[in-house]
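Note on naming: letters A, B, ... go to the chains in the order of the sequence lines (proteins, then strands), and numbering restarts at 1 for each one.
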Protein chains: 2
Amino acid sequence: MPKEQENSLQSQAYQYIRQKIATCEYAPNQMLSESQLRDELGISRTPVREAVSRLVQEGLLTVFPKRGIVVSGISIGDVHKIFEVRSLLEPYTLRTYHNNISLEEMKEFSDSFHNHALPCEDTCLQDFYQLDDAFHALIMRSLENDYLQELSARIQTQNFRLRILSGKTIDSRIRDTMIEHAQIADACLNGEWEQAATAMEIHLIHSRNSALSMLLKQSSIAGIL
Amino acid sequence: MPKEQENSLQSQAYQYIRQKIATCEYAPNQMLSESQLRDELGISRTPVREAVSRLVQEGLLTVFPKRGIVVSGISIGDVHKIFEVRSLLEPYTLRTYHNNISLEEMKEFSDSFHNHALPCEDTCLQDFYQLDDAFHALIMRSLENDYLQELSARIQTQNFRLRILSGKTIDSRIRDTMIEHAQIADACLNGEWEQAATAMEIHLIHSRNSALSMLLKQSSIAGIL
DNA sequence: ATAGAACATTATGTATACAAGTTGTACATA
DNA sequence: TATGTACAACTTGTATACATAATGTTCTAT
C-alpha cells in the first residue's frame, strides 16, 4: 500500500516558513532569500526551493528571478477578496453540510460565547482569537469537497495574517463578535440552518467592515501598507 | 520594476506535463517518473521536479516517495465535487460580476447557440466542446477575485479531462446543451441576470447528470476507473 | 564633483552527483 | 517445487557545483 510521507526536509521547511509568514514574523513585503532560509533551517537549497515553490503557489510568496523572494502583502483589496470567499463558503457550508457538524462541540462553543467575559489583556485577547478561529474551523471542517476545503484553508491563513496586521481589536467589536457567534451557534443547535447561514452572512459583513477600518487606521499610522 | 518571467524551463515543463494530463495523453492512474519526463523534455531533473511539485499541489499528480509519480484519477465522487464547485461559482459570477461580461461576445455566443447545426463527426464534436468551454470561460473571466479565479481554472482543467474520459457525447445532450446555453446567453443579453443564474444552475445539474451517466457507462465497459 | 564603465557580490535557474528506500528477479537452499 | 535471501535496477530525496542575470560599488576619466 502506498504511503505518502510528510516528514521530509522539504515538508519541514514548508511548515516552518509558512508559520513564519502566518504570524508575520516574516512580515508582508519583507525580502527573503534562499540562502537565508537555508542557513536558518540548516538544510540545503533543494528542499528550501521546493518549500518556497509551494508557498508561491499558495500566494504567500513571490519569486523575482535573480532578485529575491518577497512575502506577499495584504492590501485593502485583499481584505475584500478574503471576505468575499468567506461569505461565499461559510454560509454555503452551513446550508449544505450541517449534517456533518458536531452538535456537542457546537454546544460548547455556544456556552463559551454566552459566558465569556470581555478579554482583559493580551493573553485573553489571544484566547478570543483562538476561540474565533476554532468556531469557524469547526463549521468549515464539515465541508466534504476537497477543492473548497483547500480554498478555505488558504483563506484561514490569510485571515490569520490579516488579524495580526490589523492590530488590537477594540472591545466593542469583541463583544459584538461574541453576540453574533452566539446567534449563529444557537441557530445551529435549534436546527435553524437557514437562519444560521443568514446570521453568518451578517457576521462576516460586520467582521469585514471592522477589519477594513482597523487596517485603514493602522496603515494611516504606519504610512504605507 | 520587478518582472516575473515565465519562460523558464520549469514553466515550460509545467505547461507541457499539464497539457498531457489535461488531454489524458497521460492517462488517469498512469505511472510516470522524473527520468521519463526528463528524457521526454530533454532537460535536467530540477525543473522537472519543480513542475511536478506544482502539479501535485494542483491535485493532478501524486508523488509516492521512492516509488514514482501517478496521474490523479477521476472518480464518480470527483464528478460531484467538480460540479459542486461549478454550481457554486458560475451562478454566483453571473449574479455578482455580470458588469464585467462583454455583451458583444455574449451576442456572438448567442448566435452560435441558436444557429449551430448538430455536430456531424469528430471535428464538429471538437468544435462543440470548444464552444462550450469558451462560453463558460467568458463568464468566469469576469470574476475579479484571484482565489476564485484560480479555483475556477483548476475546475476547468478537471472538466476538460472529465469530458475526454466520458467518451463521445450523445446527440440529444448536445442539442439540449445548445438550448440551455442559448437560454443563459439570451437572459444575459436582456439584462435578466437572476434568470441567467438560475438557468445556469439548471444547466449544470443537467450537465452533471449527463457526465455521471456517461462515465458510469464508460467505466462499466472499461471494467474499473 | 560627477558620470560612466568595470567588477565584485549576490540572487535564482539549472545540471549533476550522491544518499537512501522500494521493488522485482535470480539464485541458492530446504 | 517452494521459499527465502541477496542483489541489481529502479525510484525519489538531498546536497552541491556551475550558469546566468541583476545589483551595488569602486575606480577612473572628464
Side-chain angles (χ1 to χ4, degrees), chain A residues 1-21 25-73, chain B residues 1-21 25-73:
Chain A
M1 276 301 156
K3 50 180 177 179
E4 307 178 46
Q5 68 180 9
E6 279 308 326
N7 52 349
S8 58
L9 292 182
Q10 174 260 117
S11 189
Q12 293 176 232
Y14 167 78
Q15 301 285 352
Y16 177 88
I17 301 170
R18 186 175 184 283
Q19 181 70 12
K20 293 279 189 184
I21 296 171
E25 195 163 343
Y26 293 160
N29 304 313
Q30 178 180 338
M31 290 289 292
L32 301 173
S33 75
E34 291 176 1
S35 51
Q36 169 196 339
L37 297 170
R38 176 177 61 80
D39 294 343
E40 204 167 321
L41 286 152
I43 59 180
S44 77
R45 275 186 65 199
T46 304
V48 168
R49 277 180 64 83
E50 290 176 347
V52 168
S53 172
R54 284 178 66 177
L55 292 161
V56 166
Q57 263 195 95
E58 291 183 20
L60 293 177
L61 293 177
T62 303
V63 172
F64 295 102
K66 318 281 186 184
R67 298 198 40 175
I69 303 164
V70 60
V71 180
S72 300
Chain B
M1 275 303 157
K3 50 179 176 180
E4 308 178 46
Q5 68 181 8
E6 278 310 325
N7 52 349
S8 58
L9 292 182
Q10 173 259 120
S11 188
Q12 292 174 235
Y14 167 77
Q15 302 285 349
Y16 177 87
I17 301 169
R18 188 176 184 282
Q19 182 70 12
K20 294 281 188 183
I21 297 172
E25 196 163 343
Y26 292 161
N29 303 314
Q30 179 180 338
M31 290 289 291
L32 301 174
S33 75
E34 292 176 2
S35 51
Q36 170 195 337
L37 297 170
R38 175 177 61 79
D39 294 343
E40 205 168 321
L41 285 153
I43 59 180
S44 76
R45 275 185 65 198
T46 305
V48 168
R49 278 181 62 84
E50 290 176 347
V52 168
S53 173
R54 283 177 66 177
L55 292 161
V56 166
Q57 265 194 93
E58 291 182 20
L60 293 176
L61 293 176
T62 303
V63 172
F64 295 102
K66 319 281 187 182
R67 298 200 38 177
I69 304 165
V70 60
V71 180
S72 300

Using a cut-off of strictly less than 4.0 Å, decide whether B/Ser33 has a side-chain nitrogen or oxygen near OP1 or OP2 of D/dT11.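 Checking D/dT11 against B/Ser33, a side-chain N or O does come within under 4.0 Å of OP1 or OP2.
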Check this one for me: any side-chain N or O of B/Arg67 less than 4.0 Å away from OP1 or OP2 of C/dT23?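 For C/dT23, OP1 or OP2 has a side-chain N or O of B/Arg67 closer than 4.0 Å.
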Applying side chain to side chain donor-acceptor pair (under 3.5 Å) to A/Ser33 and not counting sequence neighbours gives A/Ser35
Residues that B/Tyr26 engages under side chain to side chain donor-acceptor pair (under 3.5 Å), provided they are two or more places apart: B/Glu40
Quick one: list whatever passes salt bridge (Lys or Arg N to Asp or Glu O under 4.0 Å) with B/Glu25, sequence neighbours left out. B/Lys20
Counting side-chain heavy atoms from C-beta on, which of C/dA15, D/dA15, C/dG13 comes nearest to A/Arg45? C/dG13
Sequence-distant partners of B/Pro28, side chain to side chain contact (heavy atoms under 4.5 Å, CB included), two or more places apart: B/Cys24, B/Arg161, B/Leu165
Apply side chain to side chain contact (heavy atoms under 4.5 Å, CB included) to A/Leu9 and list each qualifying residue two or more places apart in sequence or on a separate chain.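 With sequence neighbours excluded, A/Leu9 shows a side chain to side chain contact (heavy atoms under 4.5 Å, CB included) to A/Gln12, A/Ile43, A/Pro47, given in chain and number order.
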Indicate, with a heavy-atom threshold strictly under 4.0 Å, whether A/Thr46 touches base, sugar-phosphate, or nothing.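 The residue A/Thr46 makes base contact.
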Kindly state which residues belonging to residues 34-42 of chain B come within less than 4.0 angstrom of DNA chain D, counting heavy atoms of the residue only, listed by number.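 Nucleic-acid contacts, sorted: B/Glu34, B/Ser35.
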Rounding to 10 degrees, work out the angle separating the end axes of the helix from C/dA1-D/dT30 to C/dA30-D/dT1 (five pairs an end).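 Its terminal axes enclose an angle near 20°.
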Counting distance alone, no hydrogens or angles: does the base of D/dT12 have a donor or acceptor under 3.5 Å from a partner atom on the side chain of B/Lys66? yes
Taking only residues at least two apart or on different chains, which pairs with a member in residues 27-38 of chain A satisfy salt bridge (charged side-chain N to carboxylate O under 4.0 Å, His left out)? A/Glu34-A/Arg45, A/Glu34-A/Arg49
